[in-house]
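What you are looking at is a predicted structure, and each value in this text was computed from that prediction instead of being measured.
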Amino acid sequence: MEKWVLSGFLLLFPSLCWTQNSMDHFPKGAQSIGMGNASVTLSEPWAIFNNIGALGKAPSEIVAIAGYDHRLGLNELTTLAAGIILPSEKLGTIGIGISNYGGKLFNQQQIGLGLAKQLGLASLGIKINYFQTNIEGFGRSARPIIELGGTAELIPDLFFAAHVYNISRSSISKASLDYLPTVVKAGISYRPSQNLMVNIETEKELQSPPQFKAGIAYSFEDKLWARTGISSQPNNLYFGIGFKPRRFQVDYAMSRNYLLGFTHHFSLNYNPSAP
């Protein structure tokens with residue numbers, strides 16, 4: 001029965017499921033998702049998944065992260081992610097990220113190692129991933145994936161960032177002519193104060209229509225954050241909150257697809273060096 005339910009879901013909603021099944025490039029972390037996935041400019045620990053180039057401007061402290069996404073009430077669409085950020089005076093910022101998506105019949109795993117460094121006004125980074133797909137009855141395949149990114153402050157309070165996922169054009173397997181998604185995204189972020197952030201972003205997968213994303217975040221005394229955002233292709237609404245007590249940062253986001261319902265996202269950051 002489980003096979004028929006999942007197969008029917010994939011047939012009824014192919015474009016949405018392709019986006020969801022391609023968890024390798026889907027933004028992670030409830031802070032990003034609460035802002036409509038307009039995350040390419042965010043210089044925070046979850047940049048290890050969302051834009052390796054922005055990691056060079058992240059806080060210069062060791063931070064561990066973990067996240068859980070439960071999409072549309074289906075365990076088969078759940079994503080687990082974890083990572084660690086390791087600053088280095090000589091190299092820059094090193095990040096390691098691990099994620100798992102899917103259920104018993106179809107699942108994907110990815111482990112990636114990234115390096116980002118601040119070079120003058122710009123922060124640039126590169127990440128190498130080992131990406132694995134498992135489909136029951138069809139076997140397992142694994143391929144390397146390379147991604148590049150960067151961010152810069154154009155003028156005071158205005159930031160620009162860009163990121164390319166799978167610039168290596170890796171296929172699903174050595175024997176397959178089907179390629180994993182190659183995704184290009186770029187965006188700007190306006191931050192007129194420490195309490196307010198407005199992000200606008202576009203994303204384009206080579207074989208899909210462009211996606212528009214916009215988000216806004218406001219903080220109350222830098223301890224409590226409120227977030228909201230929108231995206232197209234498909235049309236989604238996003239809401240989120242964040243709380244930062246001492247060494248921890250706890251974030252929750254909820255997204256609503258106009259056809260299928262709600263998805264819940266949780267993430268946790270831990271900074272052992274914080275007071």
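Trp225 has its side chain out of reach of Ile241: every pair of non-hydrogen atoms, C-beta onward, lies at least 4.5 Å apart. Taking the side chain as every heavy atom from C-beta outward, Leu196 and Ile216 approach each other to under 4.5 Å. Side-chain contact between Asp157 and Tyr190: present, with at least one pair of heavy atoms (C-beta onward) separated by less than 4.5 Å.
Looking at Gln109 and Asn100, their side chains do bring a donor and an acceptor atom within 3.5 Å of each other. A donor-acceptor contact closer than 3.5 angstrom is absent between the side chains of Glu136 and Asn134. Using a 3.5 Å distance cut-off with no hydrogens or angles, the side chains of Ser189 and Asn199 do pair a donor with an acceptor. A donor-acceptor pair shorter than 3.5 Å cannot be found between the side chains of His264 and Tyr68. For the 3.5 Å distance criterion, the side chains of Tyr238 and Thr228 fail to qualify, holding no donor opposite an acceptor. Using a 3.5 Å distance cut-off with no hydrogens or angles, the side chains of Ser255 and His265 do pair a donor with an acceptor.
The backbone N or O of Pro234 sits nowhere less than 3.5 Å from a side-chain atom of Ser232 that would complete a donor-acceptor pair. A donor-acceptor contact shorter than 3.5 Å is absent between the side chain of Ser267 and the backbone of Ala66. Not a single donor-acceptor pair under 3.5 Å links the side chain of Glu205 to the backbone N or O of Pro209. Within the 3.5 Å criterion, the main-chain N or O of Gly56 finds a donor-acceptor partner in the side chain of Ser123.
Leu91 and Ile96 fall within the same hydrophobic cluster, defined by Ile, Leu, Val, Met, Phe, Trp and Tyr side-chain heavy atoms under 4.5 Å apart, directly or through other members. Following chains of ILVMFWY side-chain contacts shorter than 4.5 Å, one cannot reach Val184 starting from Leu180, and the two form parts of different hydrophobic clusters. Transitive grouping of hydrophobic side chains (ILVMFWY, heavy atoms separated by less than 4.5 Å) brings Val164 and Ile126 into a common cluster. Connection of Leu115 to Leu86 is established within a shared hydrophobic cluster, with ILVMFWY side chains joined at heavy-atom distances below 4.5 Å, either directly or through further cluster members. Cluster membership for Met254 and Ile230, using ILVMFWY side-chain heavy atoms within less than 4.5 angstrom, is shared.
The heavy-atom pair separating Thr202 from Phe212 by the smallest distance is CG2-CD1, 4.5 Å. When all heavy atoms of Gly36 and Ser231 are compared, the pair lying nearest together is O-CB, 4.1 Å. Here the shortest heavy-atom pairing between Tyr165 and Pro181 reads CD2-O, 3.5 Å. Contact detail for Glu44 and Ser32: the closest heavy-atom pair is OE2-OG, 3.6 Å. Pairing each heavy atom of Ala161 with each of Val40, the nearest pair is CB-O, 3.3 Å. What you find for Gln31 and Asp251 is that their closest heavy atoms are N-CB, 4.0 Å.
From Gln249, atom CD reaches atom NZ of Lys223 across 10.5 Å, with rounding to the nearest 0.5 Å. Note that NE2 of His163 is 10.5 Å distant from CD of Glu201, once rounded to the nearest 0.5 Å. The distance from the CD atom of Glu203 to the NZ atom of Lys185 is 6.0 Å, given to the nearest 0.5 Å. Atom CZ in Arg191 sits 9.5 Å away from atom CG in Leu158 (nearest 0.5 Å). The distance from atom CD of Gln211 to atom CG of Asn235, rounded to the nearest 0.5 Å, is 9.5 Å. With rounding to the nearest 0.5 Å, the separation of OH in Tyr130 from CD in Gln110 is 12.0 Å.
Taking the ring axis of Phe131 as reference, the NZ or CZ atom of Arg143 does not stay both within 45° of it and closer than 6.0 Å to the ring centre. A cation-pi arrangement is absent between Arg227 and Tyr218 under the rule of less than 6.0 angstrom and at most 45 degrees off the ring axis.
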task: Given side-chain contact (heavy atoms from CB on, under 4.5 Å), test Asn271 with Ile62 step by step and report yes or no.
output: CA-CA 6 Å; Asn271 183 347; Ile62 296 176; 5.9 Å; no

- request: Determine, step by step, whether Thr79 and Arg71 satisfy the side-chain hydrogen bond (donor to acceptor under 3.5 Å, both in side chains) criterion, reporting the C-alpha distance in whole Å, the side-chain angles of both residues, the deciding distance to 0.1 Å, and the verdict.
  value: CA-CA 8 Å; Thr79 298; Arg71 295 188 174 95; 2.9 Å; yes

- request: Starting from the C-alpha separation in whole Å, work towards a yes-or-no answer on side-chain contact (heavy atoms from CB on, under 4.5 Å) for Met197 and Ser219.
  value: CA-CA 9 Å; Met197 178 190 303; Ser219 72; over 6 Å; no

- request: Walk me through it: do Tyr101 and Leu77 pass the test side-chain contact (heavy atoms from CB on, under 4.5 Å)?
  value: CA-CA 7 Å; Tyr101 167 84; Leu77 302 181; 3.0 Å; yes

task: Determine, stepwise, if the pair Thr41 / Lys57 fulfils side-chain contact (heavy atoms from CB on, under 4.5 Å).
output: CA-CA 10 Å; Thr41 60; Lys57 296 178 69 68; over 6 Å; no

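The number of heavy atoms from other shown groups lying within 6.0 Å of CG (Leu121) does not exceed 12. Counting heavy atoms of neighbouring residues, nucleotides and ligands inside a 6.0 Å radius, atom NZ of Lys204 exceeds 12 of them. Counting heavy-atom neighbours within 6.0 Å of Arg140 CZ, excluding the residue itself, gives a total of 12 or less.
With Glu147 as the partner, the side chain to side chain donor-acceptor pair (under 3.5 Å) test is satisfied by one option alone out of Asn129, Thr182, Asn51, Asn166: Asn129. Tested against Trp46 for a side-chain contact (heavy atoms from CB on, under 4.5 Å), the candidates Ile48, Leu42, Asn50 yield a single pass: Asn50.
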